[in-house]
J.: 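Sending over a structure as structure tokens; questions will come in a sec.
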Amino acid sequence: MTIRFIAASRLPTPWATFTLHGFEDEATGKDHVALTLGDVSGDAPVLGRVHSECLTGDALFSMRCDCGYQLQEALKRIAEQGCGVLLYLRQEGRGIGLLNKIRAYHLQDGGADTVEANEQLGFGADMRRYDLCVPMLDHLGVKALRLMTNNPRKVDALSRDGVNVVERVGLTTGLNPHNEHYLSTKAGKLGHMMTLGDFTPASAVDIERKR
Ligand SMILES: Nc1nc2c(ncn2[C@@H]2O[C@H](COP(=O)(O)OP(=O)(O)OP(=O)(O)O)[C@@H](O)[C@H]2O)c(=O)[nH]1
Ligand SMILES: [Zn+2]
């Protein structure tokens with residue numbers, strides 16, 4: 001794993017002005033970014049999120065999943081804390097890529113769930129890797145994370161790769177009629193530690209606008 005830091009800049013957002021750090025994975029040629037706020041290089045554990053790319057949810061307002069809602073909520077919580085880090089990893093579709101994710105969505109439109117769709121395409125349910133996180137966090141000086149996630153397998157995978165996760169912080173937001181089945185499948189088949197009762201719903205205005 002060869003992660004090379006390229007450049008950093010200011011990134012104003014509705015929640016705070018973050019610092020945007022750009023990295024290149026020399027092995028794959030993929031680029032990844034981190035957003036930081038405040039001094040993340042102290043000894044105290046830092047509020048953090050390891051977010052995997054979801055073009056549809058993060059940028060195109062998709063309500064099929066909870067990714068976009070989680071991204072916004074994570075940035076908001078970091079802003080409220082005044083300090084934190086978000087790694088934005090370019091491993092779209094749980095690692096199968098955007099076009100295969102669209103193929104998987106097509107199968108889900110026909111009745112498959114998110115896990116079955118991946119398997120019908122010949123992929124594992126979750127093909128993501130987290131070995132780039134340690135070099136990115138080392139560069140930023142982050143020593144320990146309070147990780148915002150509902151996914152205990154992500155915590156295990158990160159810990160195996162050497163990331164010091166001292167606490168898991170739930171991130172249940174964005175429930176809506178289009179992602180209810182998907183979220184239930186994540187809890188039932190992928191081991192996410194959440195029930196639909198934990199969720200802050202997407203606002204009624206958002207649901208109406210995107211129906
Ligand atoms: N293959 C596939 N990928 C999906 C689907 N829905 C979302 N994704 C991708 O799943 C990734 C996010 O993973 P999730 O399983 O939603 O959540 P997580 O990151 O494991 O857990 P949290 O930290 O709680 O969000 C992103 O890369 C999305 O592009 C789907 O139906 N099929
Ligand atoms: Zn998504």
Side-chain angles (χ1 to χ4, degrees), residues 28 30-33 47-78 84-130 132-133 145-161 163 165 167-176 178-196 198-200 202 206 210:
T28 62
K30 283 220 165 198
D31 37 28
H32 305 276
V33 295
L47 183 64
R49 165 113 184 118
V50 175
H51 192 89
S52 301
E53 179 174 14
C54 178
L55 179 85
T56 46
D58 298 339
L60 300 178
F61 314 103
S62 170
M63 300 177 80
R64 288 188 81 124
C65 60
D66 53 345
C67 305
Y69 305 100
Q70 288 183 309
L71 179 60
Q72 292 198 20
E73 177 67 17
L75 293 178
K76 183 168 155 255
R77 287 194 202 170
I78 290 170
V85 59
L86 181 138
L87 302 187
Y88 191 92
L89 308 180
R90 311 294 302 284
Q91 41 185 353
E92 170 63 67
R94 274 189 236 111
I96 67 175
L98 177 62
L99 299 181
N100 284 321
K101 187 174 84 169
I102 298 172
R103 290 190 175 102
Y105 275 169
H106 178 69
L107 293 171
Q108 290 173 61
D109 289 343
D113 70 31
T114 180
V115 171
E116 291 162 350
N118 263 35
E119 288 169 354
Q120 285 176 29
L121 292 169
F123 298 112
D126 191 342
M127 311 279 288
R128 285 176 293 179
R129 297 177 55 166
Y130 297 101
L132 64 177
C133 295
L145 281 181
R146 296 171 51 232
L147 188 73
M148 291 181 275
T149 181
N150 306 315
N151 184 353
R153 293 180 197 178
K154 185 191 271 185
V155 175
D156 290 347
L158 285 167
S159 303
R160 271 198 307 275
D161 279 336
V163 178
V165 181
E167 185 187 343
R168 185 188 71 81
V169 180
L171 194 59
T172 46
T173 181
L175 173 67
N176 71 69
H178 305 282
N179 66 13
E180 205 170 315
H181 177 64
Y182 168 78
L183 294 173
S184 302
T185 305
K186 286 211 295 189
K189 283 194 171 178
L190 293 172
H192 286 229
M193 297 178 82
M194 59 196 191
T195 66
L196 295 188
D198 299 332
F199 273 76
T200 320
D206 285 348
K210 288 156 192 159

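The structure presented is a predicted model; accordingly, all values stated were derived computationally and were not measured. Counting convention: from 1, in listed order, for ligands and their atoms alike. Any value given below was found using the heavy atoms of this structure, including those in side chains, with hydrogens, waters and symmetry copies removed. Residue numbers count from 1 along this sequence.
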J.: Which residue holds the protein heavy atom closest to atom 22 (P) of ligand 1, what is that atom called, and what is the gap in Å?
T.: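 Nearest neighbour among protein heavy atoms for atom 22 (P) of ligand 1, to 0.1 Å: Thr149 OG1, 3.4 Å.
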J.: Below the 3.5 angstrom mark, is there an N/O of Asp126, backbone or side chain, next to an N/O of ligand 1?
T.: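 There is no such contact.
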J.: Got Lys101 and Cys54 here, is their nearest side-chain heavy-atom distance under 4.5 Å?
T.: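 The answer is yes, as the side chains (C-beta and beyond) meet within the 4.5 Å cut-off.
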J.: Can you pull out the closest protein heavy atom to atom 16 (O) of ligand 1? Residue, atom name and distance to 0.1 Å, please.
T.: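 Heavy-atom neighbour on the protein nearest atom 16 (O) of ligand 1: Lys186 NZ, 2.6 Å.
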J.: Check each atom of ligand 1 against the heavy atoms of Gln91 and keep those under 4.0 Å away; list them by number with element.
T.: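 Numbered from 1, ligand 1 contributes 27 (O).
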J.: Taking distance alone, with no angle check, do Gly93 and ligand 1 share an N/O pair under 3.5 Å?
T.: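 There is such a contact, yes.
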J.: Give, for atom CG of Leu71 and atom CD of Glu53, the distance between the pair rounded to the nearest 0.5 Å.
T.: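 Separation between the atoms: 11.0 Å.
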J.: Below a 4.0 angstrom heavy-atom separation, can you tell me which part of Ile96, side chain or backbone, both or neither, approaches ligand 1?
T.: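 For Ile96, only side-chain atoms sit under 4.0 Å from ligand 1.
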J.: Kindly write out the residues that satisfy salt bridge (Lys or Arg N to Asp or Glu O under 4.0 Å) with Arg128, not counting sequence neighbours, or none if the list is empty.
T.: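 Once residues adjacent in sequence are excluded, the partners of Arg128 under the salt bridge (Lys or Arg N to Asp or Glu O under 4.0 Å) criterion are Asp126.
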J.: Identify, by atom number and element, the atoms of ligand 1 in contact range of Lys154, meaning under 4.0 Å from any of its heavy atoms.
T.: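 Contacts of ligand 1 toward Lys154, numbered from 1: 18 (P), 19 (O), 21 (O), 22 (P), 23 (O).
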J.: Which ligand 1 atoms, with their elements, are less than 4.0 angstrom from a heavy-atom of Glu53?
T.: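 Per the distance check, 26 (C), 27 (O), 28 (C), 29 (O).
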J.: Could you pull out, from Arg168, Arg128, Arg90, Arg94, the option with a heavy atom nearest to atom 18 (P) of ligand 1?
T.: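 Considering heavy atoms of Arg168, Arg128, Arg90, Arg94, the nearest to atom 18 (P) of ligand 1 sits in Arg128.
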J.: Answer yes if the side chains of Asn179 and Tyr69 hold a donor-acceptor pair under 3.5 Å, and no otherwise.
T.: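 No, no side-chain donor-acceptor contact under 3.5 Å.
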J.: How close do Leu190 and Ala125 get, heavy atom to heavy atom, and via which atoms?
T.: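 Nearest pair, atom of Leu190 first, then Ala125: CD2-CB, 3.9 Å.
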J.: What's the shortest heavy-atom distance between Gln120 and Ala112, and which atoms?
T.: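 Taking every non-hydrogen atom into account, NE2-CB, 3.9 Å.
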J.: Which atoms of ligand 1 are found less than 4.0 Å from any heavy atom of Gln70?
T.: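 Listed by number with element: 22 (P), 24 (O), 25 (O).
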J.: Determine whether any heavy atom of Arg153 lies closer than 4.0 Å to an atom of ligand 1.
T.: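 It does not; every heavy atom stays at 4.0 Å or beyond.
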J.: Search all heavy atoms of Leu196 against all heavy atoms of Ser184 and return the closest pair with its distance.
T.: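 Reported closest heavy-atom pair: CD1-OG, 3.6 Å.
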J.: Identify the heavy atoms of Leu107 and Leu121 that sit nearest to each other, and give their distance.
T.: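 Here Leu107 and Leu121 meet closest at CD1-CG, 3.8 Å.
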J.: To the nearest 0.5 angstrom, please state how far the CG atom of Leu183 sits from the CG atom of Leu175.
T.: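 The distance works out to 6.0 Å.
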J.: Could you find the nearest protein heavy atom to atom 30 (C) of ligand 1 and give me its residue, atom name and distance?
T.: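 For this ligand atom, the closest protein heavy atom is Thr114 OG1, 3.2 Å.
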J.: What's the separation between atom CG in Asp156 and atom CZ in Arg153, rounded to the nearest 0.5 Å?
T.: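 The CZ atom of Arg153 is 9.0 Å from CG of Asp156, to the nearest 0.5 Å.
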J.: Please report the number of protein N, O or S atoms that lie less than 2.8 Å from the Zn ion (ligand 2).
T.: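 For the Zn ion (ligand 2), the figure is 3.
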J.: Any heavy atom of Arg49 sitting closer than 4.0 Å to ligand 1?
T.: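 Checking ligand 1 against Arg49, which is what was asked, there is a heavy-atom contact under 4.0 Å.
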J.: Tell me the closest heavy-atom pair linking Arg90 and Lys30, and the distance in Å.
T.: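 Closest approach of Arg90 to Lys30: O-NZ, 3.0 Å.
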J.: Can you tell me how far the OH atom of Tyr130 sits from the CG atom of Leu87, to the nearest 0.5 Å?
T.: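 Atom-to-atom, Tyr130:OH and Leu87:CG are 11.0 Å apart.
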J.: At what distance is the nearest protein heavy atom to atom 24 (O) of ligand 1, and which residue and atom is it?
T.: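 Looking only at protein heavy atoms, the one closest to atom 24 (O) of ligand 1 is Asn150 N, 2.8 Å.
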J.: With rounding to the nearest 0.5 Å, note down the distance linking CG in Asn176 to OH in Tyr182.
T.: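 Rounded to the nearest 0.5 Å, the CG-OH separation comes out at 12.0 Å.
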J.: Tell me whether Tyr105 reaches ligand 1 (any heavy atom closer than 4.0 angstrom to a ligand atom).
T.: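 Right, Tyr105 reaches ligand 1.
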J.: Select one of side chain, backbone, both or neither to describe which atoms of Tyr182 lie under 4.0 Å from any atom of ligand 1, heavy atoms only.
T.: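 Just the side chain.
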J.: Would you please determine whether Arg64 falls within less than 4.0 Å of ligand 1 on a heavy-atom basis?
T.: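 In this structure, Arg64 fails to qualify as a contact of ligand 1 - no heavy atom is under 4.0 Å.
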J.: Measure the shortest side-chain to side-chain distance between Gln108 and His181 over non-hydrogen atoms and say whether it is less than 4.5 angstrom.
T.: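 They are not in side-chain contact.
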J.: Which of the numbered atoms in ligand 1 are below 4.0 angstrom from a heavy atom of Gln108?
T.: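 In order of numbering, the contacting atoms are 30 (C), 31 (O), 32 (N).
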J.: Tell me the protein heavy atom at minimum distance from atom 21 (O) of ligand 1, and give that distance in Å.
T.: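 Closest protein heavy atom to atom 21 (O) of ligand 1: His192 CE1, 3.2 Å.
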J.: Backbone, side chain, both or neither: what part of Asn118 comes under 4.0 angstrom of ligand 1, heavy atoms only?
T.: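 The answer is the side chain of Asn118.
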J.: Roughly how far apart are Gln70 CD and Asn150 CG, rounded to 0.5 Å?
T.: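 Going from CD on Gln70 over to CG on Asn150, the span is 6.0 Å.
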J.: Do Ile102 and Thr56 have side chains that approach each other closer than 4.5 Å (heavy atoms only, starting at C-beta)?
T.: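 Answer no - side chains too far apart.
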